[in-house]
Protein chains: 2
Amino acid sequence: MARAAKNGTTIAQVAAAAGVSRATVSRVMNGRSTVAADMAERVRAAAADLQYHPSTTARGLSLGRTNTVALVVPDLGNPMFQQILRGAVAAAEPFGFRFLVAETAEHADAEAETALEARLRCDALILAAPRSSEAALRELLPQVTPAVLINRDVPGLDVPSVRVDYGAGVHSVVDHLVALGHRDLAYVAGPRASASHALRARALEEARERHSSLRVTTVACGSTVDDGYRVADEVLATEATGVVAFNDLVAFGLLARLNETGVDVPGDISIAGFDDIELARYGTPSLTTAAVPQAELGGRAWGLLHQLVADQAATPGAGRPAPAASPLVMPGLVVRSSTGPVPPARRLAVPSSDRAGRVRTSDPGVRARWSATNDGWALTTGEQPLARYASGDAMPAVHSPRPHLHPLHSLGGVAMTQTTPIDHRHHYGVSMAVPDVNGTTYWGGRTFVRGQGPTLLSNQGRQHADFTEALEGGATLSSQVRWTDERGHDQVVEHRRLTGLLLPEVEAWSLGWSSRLHAQGSDVVIGSPATNGRPGAGYGGLFWRLPFADEATVLTADGDSEAHAHGSRSPWIAVVRRHGEAWTTLLLVQPGDVDPWFVRVADYVGAGPALAWDATRRIAAGSSLDVELVAVVVDRRLDTVDAADLTEFAVARVRAAGGTSRLGPPQASVCPPRV
Amino acid sequence: MARAAKNGTTIAQVAAAAGVSRATVSRVMNGRSTVAADMAERVRAAAADLQYHPSTTARGLSLGRTNTVALVVPDLGNPMFQQILRGAVAAAEPFGFRFLVAETAEHADAEAETALEARLRCDALILAAPRSSEAALRELLPQVTPAVLINRDVPGLDVPSVRVDYGAGVHSVVDHLVALGHRDLAYVAGPRASASHALRARALEEARERHSSLRVTTVACGSTVDDGYRVADEVLATEATGVVAFNDLVAFGLLARLNETGVDVPGDISIAGFDDIELARYGTPSLTTAAVPQAELGGRAWGLLHQLVADQAATPGAGRPAPAASPLVMPGLVVRSSTGPVPPARRLAVPSSDRAGRVRTSDPGVRARWSATNDGWALTTGEQPLARYASGDAMPAVHSPRPHLHPLHSLGGVAMTQTTPIDHRHHYGVSMAVPDVNGTTYWGGRTFVRGQGPTLLSNQGRQHADFTEALEGGATLSSQVRWTDERGHDQVVEHRRLTGLLLPEVEAWSLGWSSRLHAQGSDVVIGSPATNGRPGAGYGGLFWRLPFADEATVLTADGDSEAHAHGSRSPWIAVVRRHGEAWTTLLLVQPGDVDPWFVRVADYVGAGPALAWDATRRIAAGSSLDVELVAVVVDRRLDTVDAADLTEFAVARVRAAGGTSRLGPPQASVCPPRV
DNA sequence: CTGTTAGCGCTTTCAA
DNA sequence: TTGAAAGCGCTAACAG
């Protein structure tokens, strides 16, 4: 006779205590309604009293089912399977089913054995066996029914399966990359034996056939972060501009290495992953990926299994239940920041027809005008957007939130501004950025402070666009901007006017920016890193950040080159840029007193007049400082003579249009307040 | 009677088929040796024939144990618990035990119920219940023995537990940060109710008491990546320079946000996590963390449980087994790249006694000499290291691997070089870095190529230090450096001499660098971004990258400031830097023909003579080009006059010491080859 | 060494 | 509506 002195209370004890039969106790415990109320109550009391808990094992034996299902996965360390487990556990929970987990881990050959063993303890099995051979599965599966496969399909056997359409995922990723101009791709491959790797590889083969110009190089890799990290150099060596990684882990490994080595993703190379693991959103940069709803996969597997178990219970012994329909799960492409346009150097020539449809500035009656949009103001001419004026409220505090113009385009549609670029994340299109106003920075990022060096964190101010309105039929945007320091105290109130003007005579458009900075309660002293100990770093004031181009030069009245321009007091500077065959020029003019220009074209492209080039600038309490700039954007290459000519013309036109007129004729920088 | 027509073969069938009793079959199946060999064989055959698999349920019922243990965790999505599961599953596998998982998920209140239910299906329970109240646990635990707790301790009950010494972990992290100079810390807190959060909070309290000058601000957060991402701005607002994150996930969220906003980790702020999840190594930057061996935690829990189960089986019904010893698990600090010295701006004054113990250069007989080390060559004087010369073989290909000097220190111990800084990862101390040699780059990173713009990937060359030897008793290091292009073809063979020399008279030391670049098979044309369309970007040649300082200026014979120095042909330039109260100067001299200086102190600090400032430079096949530089490192502030004086003195001394003598007196840059 | 048999604790049929 | 009892499939004590 069996001994097993389990410690639990048995049904017999409860029956005895309640003075009823074991069957009655059983009925009560299972909620059968056929028991007299008082008796049921007695039973329940006894059970509670004795802390009776029915033995699941005995029930299982008697019932022939355990309400447990097994999940067999190759590797519990893989987030993919973790998610599947999570999804399955959550889905099964409401039905009172528990999960038994088994890992085949290293023993790929023992996969079948493990599955079999696990299945024996349970009512059913969910099996993820990416590396088992089809033959092995074909032998195993009949022994473990009911079972559901994950990401495998064994033709002929009607074992339901939950499968991801990796092919479709690959196609969506490839199409995305192709749309961004990529023609040279690398596939960073999963484990050789992996079935889902095979699916991806095949899809890439198809994609290559669909896109005639596509080149795809395969780099053998694996499925872990480590693998991705290790093959990064090899991936770079393929000279691909776009990478399809086997999964997000591999993509993360790649990213880690590329970040370490300073490769710009996606500037130099675009990376896309697979799966959309939780951390994908939080990569640096955030990862574009074909999202596989992994937890849902687990949930679906449970769903199929549950149906199977139910069917079987309903028609015991009867022929096989109708195989559950198992539609493929479609991965959804999630575009984040790790993919971007193919680098200019690798871009193919764009047919000139793409440049069609632009507004002819010579059309009579066409004007540029400001209008409100959901998220700011837009300067448009006809249908064509020229610039957007954003409040900057959404900027992170460390970037010194401020209103700015971005994007801003030439009439030919070329981007003339850049925002939060990798090299200086706190550059935002065109803005009034000043690194030191009584110790507060309106520049963002680290600032050079005397006696402290480059400093972050402490002193970011904020410019609030208190109210903004379009004047003169939209020709001018008037904005009151309040500058508050890190404690929220007002420092400066600025009256700003932005005038957009078409210059059909010269096939250009022009922006007038005029600001009056009014010192509130107390004196305002404007400084710069240069005035704080780092000569040459005299930046601060109106600052215009441009995107990189194939080539960039700067012209001034004093001479050409960055070295000449930087610090010069030329009335104008021209940043001339080439993009493939096309050219644009940004002409910046200081119509009034000329402050030294801060100019960079070597490390990045940006320029603006410096308020505190080598000395601080004081605005006495109650008085104000005027800043004026006229910019002209032209879709051609200007030379020194052109630029000088255009300068005069543009200033006159902008002034006539009211762009700088409010401030009257050129005057001393510091002037008495006017209400 | 029960019906349950289970589909499996029963022991009775096997017994019948084999013509033996059920007991015999049982014996055979359980490997009892007391069965006659032939009979056993018959049984096995019958079993195999009938595909007989013993019912685990029935065995379980009979044996009173199921060889299954339950693991109850709050959240299967948490990598921590995933690892614990993994560890436990792996540890239990050899014993034939399987794991049943249950998640308490949202229902924190149903934690007890879930645990109880799960326990009923198993022999034992591992419980992770970080948020259950102690009272609840006290009531639950006696009902679920044998059980093991994870990261909880219920005094009075002798339930074994596996616990991490989070306190010790916090202390090691804090000590690490304090050693780096941090005094302002932020603790990014875990979930309020979490027990392990409480432990960390208490330890931080203690740490604050241990370190009198320490300030710790707590930022309420949570335990997920999302939580970390969300509180990043708040963390910055605390102005802490060091952050202790509740766990690695939170740290990752922080990192993601800080990277997005361009905050330099660890330059601006140091971040440390907890746990050492797999991805910690692969963060950007890689994460410093108090490593908790999570999988091992699971393994240990299994170990304790196993012991308990065994004990119980051994002495059934006997009094409680001796509670298993459960030593705390110590987290090990893993220092990676997310923590670093406190930013200079926030550094406290260093007592001047720290500067003691330096070599007195006026000591007679003290010389600087080169000697081989495990990983290159070192220039030392007495005990003091002055510079290391590394082969660069380990550099990533995209950085154009090349030999370089780093670190290099002043006699006062101030760092004068920087390697792979965030802004330009391909800067490596002092090296011969040339962005365009017949189209190949020896500069690293993206390069500006005519007609292509800034380009990565395609054309990285490599400089091999073929052989290196110390000459003249160690005064000079002679190195033959072979430049090979991206296809591995030789382009240039360089003979390089590095001479280290103490200048006791002026309390300085000096480095002579002389290179003869010999064009191999064909003409060699050296270009730069400037000659490729980006005027001003004339860099390339000997390049010296310095770390940032509190203040930096550059002096030349032509005038002071970056604008004057950049492009100047002054025979010397001096980079003068302040660090707190101390100053250093790096004086660079071109003793021969003077090439224009490429100088940056505003965006970063770096300088060197430019080989192709505004025109390409050709070395005819078979001829060579000489490059010479003398550097003087002084621990004080030099002015223009000092610098000019020192220039002559140092050049004479270095020349006398053989540093540039091999090349003879100043000569034309391009000269006939000498063998 | 082998067979017989009494349970393990529960459910469900069947008879009352 | 309730109780008695026959299993569910296996193990182990015990007899032979």
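Sequence lines set the chain letters: A, B, ... in the order given, protein chains first and strands last, and positions in each chain run from 1.
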Fill in the blank from the handout: When rounded to whole Å, the CG to C1' distance for the pair B:Asn30 and D:dC10 reads 9 Å

Exercise for the section: Ignoring backbone atoms, test whether B:Thr24 places a side-chain nitrogen or oxygen under 4.0 Å from the OP1 or OP2 oxygen of C:dG3. Expected result: yes

Completion exercise
Rounded to whole Å, the CG-P distance (B:Leu63 to D:dG9) equals 17 Å

Handout entry: Mutual orientation of the aromatic rings belonging to A:Phe95 and A:Trp302 [parallel < 30°, tilted 30-60°, perpendicular > 60°]
Key = tilted

Completion exercise
From the candidates C:dC10, D:dC10, D:dT1, the one with an atom nearest any side-chain atom of A:Ala36 is D:dT1

Completion exercise
Sorted by position of nearest nucleotide on DNA chain C, 5' first, the leading residue of A:Ser26 and B:Ala58 is B:Ala58

Completion exercise
The reported gap from CZ in B:Arg163 to CG in B:Asn151 (rounded to nearest 0.5 angstrom) is 8.5 Å

Handout entry: Expected output: side-chain A:Arg121 to main-chain B:Thr66 donor-acceptor under 3.5 Å
Key = yes

Practice task
Remember a base hit wins even if backbone is also touched, and classify A:Val20 as base, sugar-phosphate or nothing at under 4.0 Å, heavy atoms.
Solution key: sugar-phosphate

Completion exercise
Separation of D:dT2 atom C1' from A:Arg42 atom CZ, nearest Å, is 11 Å

Practice task
Scan B:Met29 against the nucleic acid and name what it touches under 4.0 Å (heavy atoms): base, sugar-phosphate only, or nothing.
Solution key: nothing

Practice task
Would you classify A:Ala23 as touching base, sugar-phosphate or nothing, given that sugar-phosphate means primed atoms plus P, OP1 and OP2, and contacts are heavy atoms under 4.0 Å?
Solution key: base

Exercise for the section: From the options A:Leu141, A:Leu304, A:Leu157, A:Val162, select the one residue that forms a side-chain contact (heavy atoms from CB on, under 4.5 Å) with A:Leu149. Expected result: A:Leu141

Practice task
Using atom CG of B:Asn67 as one end and atom P of D:dT11 as the other, report the distance to the nearest whole Å.
Solution key: 12 Å

Exercise for the section: Report yes if at least one side-chain N or O of B:Thr10 is closer than 4.0 Å to OP1 or OP2 of D:dG9; otherwise report no. Expected result: no

Problem - Proximal nucleotide (of D:dA13, D:dG9, D:dC10) relative to the B:Arg27 side chain - result: D:dA13

Fill in the blank from the handout: Checking C:dA6, D:dA5, D:dA13 against the side chain of A:Arg22 (C-beta onward), the nearest is D:dA5

Fill in the blank from the handout: What one should report as the nearest heavy-atom pair of B:Ala15 and B:Val25 is CA-CG2, 3.5 Å

Problem - Terminal axis angle for the helix from C:dC1-D:dG16 to C:dA16-D:dT1, five pairs an end, nearest 10 degrees - result: 40°

Fill in the blank from the handout: Whole-Å distance, B:Leu61 CG to C:dC10 C1', equals 8 Å

Handout entry: Salt-bridge present (B:Glu117, A:Arg98; N to O < 4.0 Å)
Key = yes

Practice task
Starting from P on D:dG9, measure out to CZ on A:Arg65 and report it in whole angstrom.
Solution key: 15 Å

Exercise for the section: Let me see the working for A:Asn30 and A:Arg59 under side-chain contact (heavy atoms from CB on, under 4.5 Å), right down to the final yes or no. Expected result: CA-CA 11 Å; A:Asn30 291 289; A:Arg59 279 196 92 219; 2.9 Å; yes

Problem - From C:dC10, D:dT1, D:dG9, nucleotide with atom closest to A:Ser55 side chain - result: C:dC10

Problem - A:Arg59 side chain near C:dT11 phosphate (N/O to OP1/OP2, under 4.0 Å) - result: yes

Exercise for the section: Take atom CG of B:Leu120 and atom P of C:dC10, then tell me their distance rounded to the nearest Å. Expected result: 10 Å

